[in-house]
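Here is the structure we will look at, set down as structure tokens.
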Number of protein chains: 2
Amino acid sequence: MSIAGKRARSDMKQVAAHAGVSTMTVSRALRSPNKVAADTLKRIEQAIEALGYVPDLVASSLASKRSHIIAVVVPTVSSSIFDDSVQGIADRIGSEGYQLIMGESRYSAEREEALTMALLGRRPDGLVLTGTTHAPRLRDRLKEAGLPVVETWELTDDPIDGVVGFSNFDAGYAMTAKLLGWGYRRIAFVGGSQEPRTAARRAGYEACLTDRDIAGAPVTAFSEGLSLRAAATTFESLMDQNPELDAVFLSSDSLAASALFACQRRGWPVPDRVALAGLGDFEIAAELVPALTTVRVPRYDIGRQAADMILARLNGSATTSQTLDLGYEVVRRDSA
Amino acid sequence: MSIAGKRARSDMKQVAAHAGVSTMTVSRALRSPNKVAADTLKRIEQAIEALGYVPDLVASSLASKRSHIIAVVVPTVSSSIFDDSVQGIADRIGSEGYQLIMGESRYSAEREEALTMALLGRRPDGLVLTGTTHAPRLRDRLKEAGLPVVETWELTDDPIDGVVGFSNFDAGYAMTAKLLGWGYRRIAFVGGSQEPRTAARRAGYEACLTDRDIAGAPVTAFSEGLSLRAAATTFESLMDQNPELDAVFLSSDSLAASALFACQRRGWPVPDRVALAGLGDFEIAAELVPALTTVRVPRYDIGRQAADMILARLNGSATTSQTLDLGYEVVRRDSA
DNA sequence: GTGAAAGCGCTAACAA
DNA sequence: TTGTTAGCGCTTTCAC
């Protein structure tokens with residue numbers, strides 16, 4: 001029914017005719033109302049209201065070469081990890097009249113490249129990428145593309161353009177050091193292996209153990225697929241095979257929560273039987289019983305600052321992108 | 001730096017020149033390669049590769065009046081509730097070359113209207129809305145807009161166009177009936193009051209108690225803001241003021257999890273001191289200890305089917321939108 | 001403060 | 001199978 005179309009959408013020409021001015025004046029009324037006489041402006045506004053005119057941003061983008069769109073690539077949309085960053089971006093750009101176009105890389109560099117190129121077809125004014133590991137060809141193309149690009153959630157010596165994040169290596173190292181400081185000695189690490197960020201956390205964990213020359217090799221287990229069920233299973237078999245473990249560091253709070261529930265099912269007291277630590281400081285971390293010891297990372301601010309960096313470039317108030325290290329913070333609660 | 005621009009983006013004309021054909025042939029090679037001779041196609045592909053050409057979808061949209069964009073309005077992006085639906089949409093449309101443009105209504109009908117009109121400026125081929133409660137003016141405009149619109153997460157007698165969801169009233173009613181069937185008598189309801197969907201669940205709950213003529217009025221508490229902390233506080237004061245309660249039905253699994261943690265902190269056995277039930281069947285529901293009794297709702301499928309409905313309309317394989325009731329299912333676990 | 005002409009990069013409709 | 005012409009709805013530029 002509705003696809004058949006009712007009365008045709010009205011365009012700027014109709015608004016102009018209705019208000020007795022030229023389209024140029026309507027355009028000005030929309031973009032820079034202060035350059036239009038007050039009464040003219042009022043007539044135009046009435047015409048817009050009367051006709052239910054909605055400016056065609058597609059035509060506007062084509063003519064002005066400004067789309068007012070920011071493209072965002074995340075590994076997955078259904079993951080509380082990146083949601084907050086997207087929220088940060090949305091909050092920052094929404095007030096400036098920008099809109100968000102999104103795509104999912106599904107943790108594949110190949111898909112990321114294809115998707116990003118497709119998004120570039122919309123001629124976004126800026127691009128936010130997750131991570132700093134990308135297909136080399138994509139990096140090259142983005143460097144040539146001439147639009148502000150911000151990589152997030154990691155730091156790197158060789159950015160495409162701007163970077164906003166923190167050191168996942170350091171975060172992994174710091175939590176491990178804290179656990180050692182609190183007296184734990186047999187510490188395992190659990191996390192996926194696909195994500196470069198998790199790999200960096202693991203590397204930090206291993207480096208810390210090596211530095212402190214802790215007896216016994218690092219114990220690591222992989223929990224792919226990110227499902228809570230898989231995480232619980234992984235944790236349980238890890239504990240079965242290494243009953244001497246006194247602490248487990250999981251690469252995200254979701255995994256840690258899952259491990260905690262596994263302990264509860266077994267009747268294991270946490271942290272007495274085994275201490276648990278996560279990463280992220282998700283909202284649930286403070287609510288869990290015992291509350292979760294974790295590494296707080298600036299999820300929301302990563303998005304906000306990334307958007308800010310892009311807008312600064314677009315407004316001309318910054319000519320060069322930068323690297324912004326937002327840091328992290330170990331938060332000790334009761335689980336370790 | 002990169003904003004200064006490197007070598008200018010190449011356009012279709014350059015590709016055409018490089019391949020020795022007209023732009024129209026390049027356009028065909030892109031949209032319907034089967035209508036182009038094999039060797040011509042190859043030359044064009046080489047030209048595209050050589051020039052690093054990325055088709056301008058903005059110009060394409062303007063000329064063809066097909067944007068290949070689906071607009072989605074959700075109350076909030078950082079909420080696991082709608083993520084899965086967005087994922088469902090993304091999965092369904094991604095394979096068809098469509099892209100997603102998103103905005104947040106923040107649970108405000110006013111914001112929803114402004115946002116939706118702004119999104120319509122991008123001339124999306126379809127629109128997915130959350131809920132069936134909208135500003136009347138928005139409804140009118142969308143009916144006139146002549147594009148496929150699908151409302152989700154609820155059912156309604158008076159849709160704008162298509163609807164995909166389930167009855168929140170029935171879901172609330174069903175869970176309440178089950179709780180009564182399991183022997184609970186003093187049942188409270190906790191949920192926000194802003195969301196129409198929560199209100200419908202509450203109405204279902206109240207209707208059930210009324211129908212069964214259960215002694216005592218329904219006990220309800222509001223937990224706004226959606227924060228887990230607020231939910232815990234609300235639950236605790238509810239219990240303090242109504243110590244006789246033997247079951248609490250919370251309008252989402254997040255709230256229920258929060259209530260469960262509150263019980264754990266107080267050393268209250270669940271369900272013996274108080275039974276807990278949620279709604280959503282989030283991934284965490286099955287992992288909690290005790291595992292959460294809840295109402296499973298088709299979060300992912302809502303998105304998938306909504307996208308499907310839109311695509312069917314766009315492909316002409318459906319001429320009229322419909323109402324799709326995806327149902328719900330009470331899942332009994334250990335918490336009630 | 002306002003308008004006229006030109007054109008953004010592509011594709012519909014037609015023709016060859 | 002391929003090309004030509006016109007134009008999508010707006011904004012740029014320049015003139016008044």
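Throughout, protein chains are lettered first and strands after them, A, B, ... in sequence-line order, and every chain is numbered starting at 1. Side chains are part of it too, since the values below use all heavy atoms of this structure and drop only hydrogens, waters and symmetry mates.
Distances shown here put every side-chain N or O of B:Ser27 at or beyond 4.0 Å from the OP1 or OP2 atom of C:dC10. Put simply, B:Ser22 has no side-chain N or O that comes within less than 4.0 Å of OP1 or OP2 on D:dT2. Between B:Thr25 and D:dT2 there is no side-chain polar atom (N or O) within less than 4.0 angstrom of OP1 or OP2. An OP1 or OP2 oxygen of D:dT2 is reached within less than 4.0 angstrom by a side-chain nitrogen or oxygen of B:Thr40. At C:dG9, none of the side-chain N or O atoms of B:Tyr53 fall inside 4.0 Å of OP1 or OP2 (strictly under the cut-off). Taking side-chain N and O atoms only, B:Lys65 has a distance below 4.0 Å to OP1 or OP2 of D:dG9.
Taking the nucleotide of DNA chain D with the nearest heavy atom to each of B:Lys35 and B:Ala63, the more 5' of the two is matched to B:Lys35. Ranked by how close their nearest DNA chain C nucleotide is to the 5' end, B:Asp11 and A:Asn34 are led by A:Asn34. Between B:Leu62 and B:Arg28, the residue anchored closer to the 5' end of DNA chain D is B:Arg28, taking for each the nucleotide with the nearest heavy atom.
Distances were taken from every side-chain heavy atom of B:Met24 (C-beta onward) to each of D:dC10, D:dT11, C:dT11; the shortest belongs to C:dT11. Here the side chain of A:Asp56 is nearest to one of D:dT11, D:dT2, D:dC10, namely D:dC10.
In this structure, CE of B:Met12 is placed 20 Å from P of C:dG7, rounded to the nearest angstrom. For B:Arg31 and C:dA12, the CZ to P distance is 9 Å, given to the nearest whole Å. Nucleotide D:dG9 holds its C1' atom 15 Å from the CG atom of A:Leu51, rounded to whole Å. Spacing between atom CZ of B:Arg123 and atom P of D:dC8 amounts to 14 Å, rounded to whole angstrom units. Atom C1' of nucleotide D:dT1 and atom CD1 of B:Ile44 are separated by 11 Å, given to the nearest angstrom. Look at CG on A:Leu57: it is 13 Å from C1' on D:dT11, rounded to the nearest Å. In this structure, A:Arg122 atom CZ and C:dC10 atom C1' are separated by 13 Å, rounded to whole Å. Rounded to an integer number of Å, the gap from CZ of B:Arg66 to C1' of C:dA12 is 14 Å.
In summary, A:Asp56 and A:Arg9 do not engage in a salt bridge, as defined by a charged side-chain N under 4.0 Å from a carboxylate O. One finds no salt bridge joining A:Arg304 and A:Asp91 here, because no Lys/Arg side-chain nitrogen approaches an Asp/Glu carboxylate oxygen to under 4.0 Å. A salt bridge links A:Arg137 with B:Glu49; the closest basic N to acidic carboxylate O contact falls under 4.0 Å.
No more than 12 heavy-atom neighbours from other residues, nucleotides or ligands sit within 6.0 angstrom of CG on B:Asp157. Atom CD of A:Gln322 has more than 12 heavy atoms from other residues, nucleotides or ligands within 6.0 Å.
When heavy atoms are screened at a 4.0 angstrom cut-off, B:Val36 is found touching the sugar-phosphate backbone but no base atom. As judged by a 4.0 angstrom heavy-atom cut-off over every strand, A:Val21 is placed among residues touching the sugar-phosphate backbone only.
For A:Arg9 against D:dG9, no side-chain N or O and base N or O form a donor-acceptor pair under 3.5 Å.
Taking CD of A:Gln87 as the reference point, atom CG of A:Asp83 lies at 8.5 Å (rounded to 0.5 Å).
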